Amino acid sequence: MMNGPALLTRHNPPAMVVRHAAILCDHGRLSPSRPILLAAIAICLVLAVQFCFGQSDHQVMTIPGVAALIAAAVMMTGLRPESDVYWNADGVEGPSAMLGLPFAPRSSFIAWESVVTIRTNGLGAGFVADAQGNRISWNLAYLGATQLRAHAVRSCPHLCGTPMHRR
């Protein structure tokens, strides 16, 4: 087995990009959906303009306008390749947090045998974690995340039946 990040780097990505959760494979890449991100960014920018310039009381409405601009800036980081999640038979690599400072996700690698937690919430956001607290995170903008979760469950039989393994 090769050492961690050298195995799955963005310079040597897996050949298959998962677009449909119905496809089962032993390797893949998830990227945030560009149309979803671009629509959310556009909505935030429209709200920012509306709040900052469309109201008569500028002092009260500037705060939500600035918040909408910050939200748009944070969402723009999802368009960068550092936001992709890669996996294969040895492990998973991807952003260790959905929001890192300065608004760029830090990439981590976790071998499947090191995984102690696989979680997904009701909104589709999820993560895998190791005992040291390292995480690989994804959210509902990642189309095909159920494929990654299914592979994680198959690759971590040591977690079967534990509360950490369930939804």
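Worth saying up front: this structure is predicted, and the values here are computed from it rather than measured.
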Are Gln147 and Trp87 packed together at the side-chain level, in the sense that at least one heavy-atom pair is separated by less than 4.5 angstrom? yes
Nearest 0.5 Å, please: how far is CZ in Arg149 from CZ in Arg154? 12.0 Å
Check side chain to side chain contact (heavy atoms under 4.5 Å, CB included) between Val66 and all other residues, then give those that pass, not counting sequence neighbours. Thr62, Ile70
Do Val85 and Leu148 make a side-chain contact, defined as non-hydrogen atoms from C-beta onward lying under 4.5 Å apart? yes
To the nearest 0.5 angstrom, please state how far the CG atom of Asp130 sits from the CD atom of Glu113. 11.0 Å
Within this structure, what is the OG-OH distance for the pair Ser31 and Tyr142, rounded to the nearest 0.5 Å? 7.5 Å
Check for me, please, whether Met76 and Leu38 land in the same ILVMFWY cluster - side-chain distances under 4.5 Å, paths through other members count. yes
Can you name the nearest heavy-atom pair linking Ile118 to Val115, along with the distance? CG1-CG1, 3.8 Å
Closest non-hydrogen atom pair, Ile110 against Ser114: CG2-CB, 4.3 Å
Determine the minimum heavy-atom distance between Ala141 and Ile36, stating which atoms define it. CB-CG2, 4.4 Å
Got a donor-acceptor contact below 3.5 angstrom from the His158 side chain to the Val116 backbone? no
Residues Asn134 and Ser108: side-chain donor-acceptor under 3.5 angstrom: no
Heavy-atom donor-acceptor pair, Ser83 side chain to Thr77 backbone, under 3.5 Å: yes
Distance-minimising heavy-atom pair for Asp84 and Pro32: OD1-CD, 3.9 Å
Other than Val46, what residues sit in its cluster of Ile, Leu, Val, Met, Phe, Trp and Tyr side chains whose heavy atoms are under 4.5 Å apart, directly or through others? none
Listed by chain and number, what are the side chain to side chain donor-acceptor pair (under 3.5 Å) partners of Ser155, not counting sequence neighbours? His151
Using the side chain to side chain contact (heavy atoms under 4.5 Å, CB included) criterion, which residues pair with Ala40? Sequence neighbours excluded. Met75
Are any non-hydrogen side-chain atoms of Ile136 and Phe127 less than 4.5 angstrom apart? no
With Ile43 via side chain to side chain contact (heavy atoms under 4.5 Å, CB included) - residues at least two apart: Leu47
Any heavy-atom pair between the side chains of Val92 and Val128 that's under 4.5 Å? yes
First locate atom CG of Leu143, then atom CZ of Arg34, and finally report the distance between them rounded to the nearest 0.5 Å. 12.5 Å
With sequence neighbours left out, the residues meeting side chain to side chain contact (heavy atoms under 4.5 Å, CB included) with Leu69 are Leu45, Ala48
